[in-house]
Structure formats: structure tokens, C-alpha cells
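Worksheet: one structure, shown below.
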Number of protein chains: 2
Amino acid sequence: MQLNDLEIFRQLYELHSINATARALGFAQSNITARLQSLEREFNVQLFHRSHQGITPTKAGTEFYAYATAALKATARLRAHLHPDNARPQAIISTLLFNYLTSYRHVLSLQDYQYQLLSSTAIHTLTNTRVATVITYAQFQQPDYQPGPLHYLPAMFLRAPSATPSLPLLINSDQQCPFRARSLHFAAHHPVTTQAIDSWAAIINLVRAGQGVALLPAYLTQDDTLTRIPGTPGYRVPYRTYTRQ
Amino acid sequence: MQLNDLEIFRQLYELHSINATARALGFAQSNITARLQSLEREFNVQLFHRSHQGITPTKAGTEFYAYATAALKATARLRAHLHPDNARPQAIISTLLFNYLTSYRHVLSLQDYQYQLLSSTAIHTLTNTRVATVITYAQFQQPDYQPGPLHYLPAMFLRAPSATPSLPLLINSDQQCPFRARSLHFAAHHPVTTQAIDSWAAIINLVRAGQGVALLPAYLTQDDTLTRIPGTPGYRVPYRTYTRQ
DNA sequence: ACGTCTTACGCTGAACGTAACGATT
DNA sequence: AATCGTTACGTTCAGCGTAAGACGT
């Protein structure tokens, strides 16, 4: 069992759906099926009942949930404990990645770093920084920094569930932002009006309020305040962690 | 992080040695180095100081140990909880495998099954059993039983640390036992006297008491009451889990 | 039709063993 | 020389995505 399996299980338990979990975490749903099966095989117990309406936890599944949440919490606590305030290194990261990695994937803990949220453009034009870690979509060619493996942030065009058709497409002002680039490319090939906004919080609020649509991380569909716009493409926005020395 | 990493870490912490951990768990020591490094990378912290005398935990390592033991305990507790007494399926398994998998690897929990310890010969000649699980070195070709993946039990010739040379080689009486087969093969090509004993507990006791040597699972070297006999070969004894239906 | 979950299948990278290395006792 | 941990390298298989299937609504 991997630690990631516990995260996947938590999503399965909370979303009652293999499909929704796969979308939210950016996996293929066949893969979530397989991970769940391997978990059930390892513990030799059925964790969910399957139906065509989704999945519902068994008694064992509910017990497993208590275990999984406790283990994830203990791991987060350990991370906090290993990196006490005074020794906390600095990290530079884009806003959406920060939300995704801390609130959602729980791969990064608030206690791991002192975070500095910067735009992709700002990160790209950075020179002579000395922070321990930089997480960004942009190329980050600096001496002393080692690129980590490529990862992907799943993204799609979202709107409020109740939204009317033909809302403006809201686009971030950050010149180097890959969400901006993909949004502009889409807009160039489809009949939509666009609107630049320079804050992600503002964009997400506007989309939630039904005032516009935007290209956003897929995990925001999780709580059903946003849904994917049918017929629009999905993306996997690549990013990398660069570590000093 | 895998659950197995926690087990490896526990051994590292308790044995203060990468080499000893590798031997005990049946891994190449380069692999233990790599697993430890990946653990340190994942949590971004050094867990052990390395020296030519072995490894000593850092402060972070000690904190990690508390976490690891708690997590392993919680997992064992979950396994117990998922398979309450009344619903416990039956498993047939060889003695040495039982000890290895329950006491040592903690892959099997006492609470998972009602165990029935049988000799390899008895398992091999079994017909018409209906137990849920059979774990054995032998081929087990029965309708309704699905073979699982092949695993290996690392084994080597062991003696007491203080033992004198040229002790008799103790061999199990179980005709189908792969330890017996390998011991006999070794004896045929080397000048040793042999002695058949029909109980593993007796063999291990005799070896501990310095009355003989025997081919035994490698993990028994863990507590330093037994050591490997230099110049003798090591084996990886294959076994499989067969599951009903 | 559409949305569930499952199965089939090919690919890739992590995990493994072998072996060579460097350093200390 | 023996023993320790590290590095290099080739292999293998779990985990991944794509795609098709089976089943209900």
C-alpha cells in the first residue's frame, strides 16, 4: 500500500464515485478502479459496493476510512514536527499549484515551507533567488537548481452548475501563465468573448457566481459548485519542482 | 511512501545497520540504501547519520520512528478489526513461512485467518480442502484455487556465533520441504555429517545451543543469536499464495 | 444515449539485484 | 583484508493511460 492510496481512498469515500475521484485527482478512472481493487486485495476485504449510481462504502470501508484519515493526519503531523517554524525553508510557488498541492493533494504541508506565492511571469524573470524550492509551470534555468520530475495539474473549462450559456471566458493577466495561454488558444478558435482578470480568487468567485467561465484546475469540480463545460477540451498542465543545490 | 518502507525503516532503526537490514529482509543492501534515500527525499530530512560503523538515527529519525511504529501498529489493528473472530477464514501454511510472514514481515496478521500449520508434504498431498488460503512452497494444483504471485523467502546456513566448526547439518524430515532438498543437495557435495530432525522448533533450538547447523530463514540472524556460516551459499526459496475461487 | 464500473493491453519509470567503488578500521 | 555505505547499470513488473466492454437508467 502506498500513502497515495489512502488519499485516493479518502476521495472515493467522500465523493462516492470512482469517476469523480479520477477526475478530481487527475487519474484515468480505470486506474482508480485498479488501485481500489489492489487495496481490497491487500486487506482481503470489500471496501465499497459498486452500482451504476456510483459506490457506497461497506462496513469495512467505513472502518478503513477511520484508519486512513488517522494515518493521513499522523503523516501531516509528522511533516509539521520535522520542520519546525524556525528551521522552515522558503518555497516559491504559483497560486493554483499551491492550492492544489496543499489543500487538495496534501503532498505539500503548510509546515514544510514558508511559502511565497508568485505569478508565473514573476517566477520566470526571477534572478538570484536563494529559496530552497521553486515549484512552477515555467522553465526555471538557474545554476544551483536541480529540476525534479515532471508532474501534471489536470485542468478543464468550468462554469457554475446553474450558469447560462455564452458567458465570457475569464482569463488571467499573468503573461506566462499556462492557463492563460491555453485559454487564449481556445478563444482564438471558438466564438467566445474574453475578459482579463488579474486575480485567481476573483476569477473563481466570478465563475462560482455564474458571471463567467474559466479554465481552472479539475479538482475544483469536487464540491459541485463548479462543473465542466461539455464539449470543451481538458488539459494536463505540466509543472516541476526545482530544488536548490 | 510505501507501507513496506516503514517496515524497512523500523529494521534500520533497530539494527543500526543497512547491511543487517538488507540481510534480514532479504534485499540487496544497495536497495535498502535507495529506499532510505527516497524516504529522506520525500520528507526532506536526514533520518540517519552514516558512518563506517553503521548508521545512527538523527533527531528526525527518532521522531520518524515514533510515527512509523504507530502507523504499523494502527495497520495491524485495522487488519484485526476487519477480520473479527467469527468471520475468520482458514489458512494452511508451512511453519517457517508462518513465522516469517507474521512475526517478521507483518504481512500476515494473526487476526486475518485461523491458521493450520502443515508440512510441505501434507500440503502437497492435500485433496478436497476448502480453506480460503494456502501458502506453500509446493505446487498446489487444485481446481478452485488461484495461484498468486511468486515471492521469496531468503535462506542461508546458520550457526550459533560461538559454535565450533564441523557441527552436524540438521535436516528436516519433511520429504517435500525445499529446505530439506537444498540441505541434502549441499550435503551431497560437501563433507558434512547430517542429522534428521522432524521439528523446526527443535532444529532452531539445537542450532542456537551450538549443537548443529542448519539451512534456515535469513531473518533469524536478526537478533544475533545466529550468524551465517561463511562460504556457504544463500538461497531464495520461492513460495506462493493460493486463494480459493 | 449517457454515465456507471470493469477489463484488455501496451508503455514507462520505480524498485530490484549484480557489481564495482571509496573510505575507514 | 574486511566491512561499511554509495554509485552505476541493466532488468523486471506495478502503475499508468487509452480504449473497449458490460450493464442500468
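Below, chain A is the first sequence line, B the second, and so on; all start at residue 1.
Between B:Thr33 and the phosphate of D:dT6, there is a side-chain N or O to OP1/OP2 separation shorter than 4.0 Å.
Here A:Arg79 pairs with B:Glu42 in a salt bridge; the nearest charged N to carboxylate O distance falls below 4.0 Å.
Within residues 1-27 of chain A, the residues that place at least one heavy atom under 4.0 Å from DNA chain C are, in residue-number order, A:Ser17, A:Ile18, A:Asn19. Of the residues in residues 34-57 of chain B, those with a non-hydrogen atom less than 4.0 angstrom from any atom of DNA chain C are B:Arg35, B:His52, B:Gln53.
Listed for the B:Arg182 side chain is a donor-acceptor partner under 3.5 Å among the backbone atoms of B:Pro178. Between the B:Arg159 side chain and the B:Pro161 main chain, a donor and an acceptor come within less than 3.5 Å of each other. Listed for the A:His190 side chain is a donor-acceptor partner under 3.5 Å among the backbone atoms of A:Phe186. Side chain of A:Ser94 to main chain of A:Leu97: no donor-acceptor pair is present (N/O by atom type, distance under 3.5 Å, no hydrogens or angles).
Closest of all the heavy-atom pairs between B:Ala214 and B:Leu169 is CA-CD1, 3.9 Å. When all heavy atoms are compared, the tightest approach of B:Gln29 to B:Ile18 is O-CG2, 3.8 Å.
With B:Tyr100 as the fixed residue, the ring-ring contact (aromatic ring centres under 6.0 Å, His included) test singles out one of B:Tyr137, B:Tyr219, B:Tyr152: B:Tyr219.
Because its NZ or CZ atom is not both nearer than 6.0 Å to the ring centre of B:Phe157 and within 45° of the ring axis, B:Arg228 does not count as a cation-pi partner of that residue.
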- Query: Could you walk me through whether B:Phe9 and B:Tyr67 pass the ring-ring contact (aromatic ring centres under 6.0 Å, His included) check?
  - Reply: CA-CA 11 Å; B:Phe9 176 86; B:Tyr67 160 78; 9.1 Å; no
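Of all nucleotides in DNA chain C having an atom under 4.0 Å from a heavy atom of chain B, the first and last in 5' to 3' order are C:dA15 to C:dT25.
The distance between atom CD of B:Gln29 and atom P of D:dC4, rounded to the nearest whole Å, is 9 Å.
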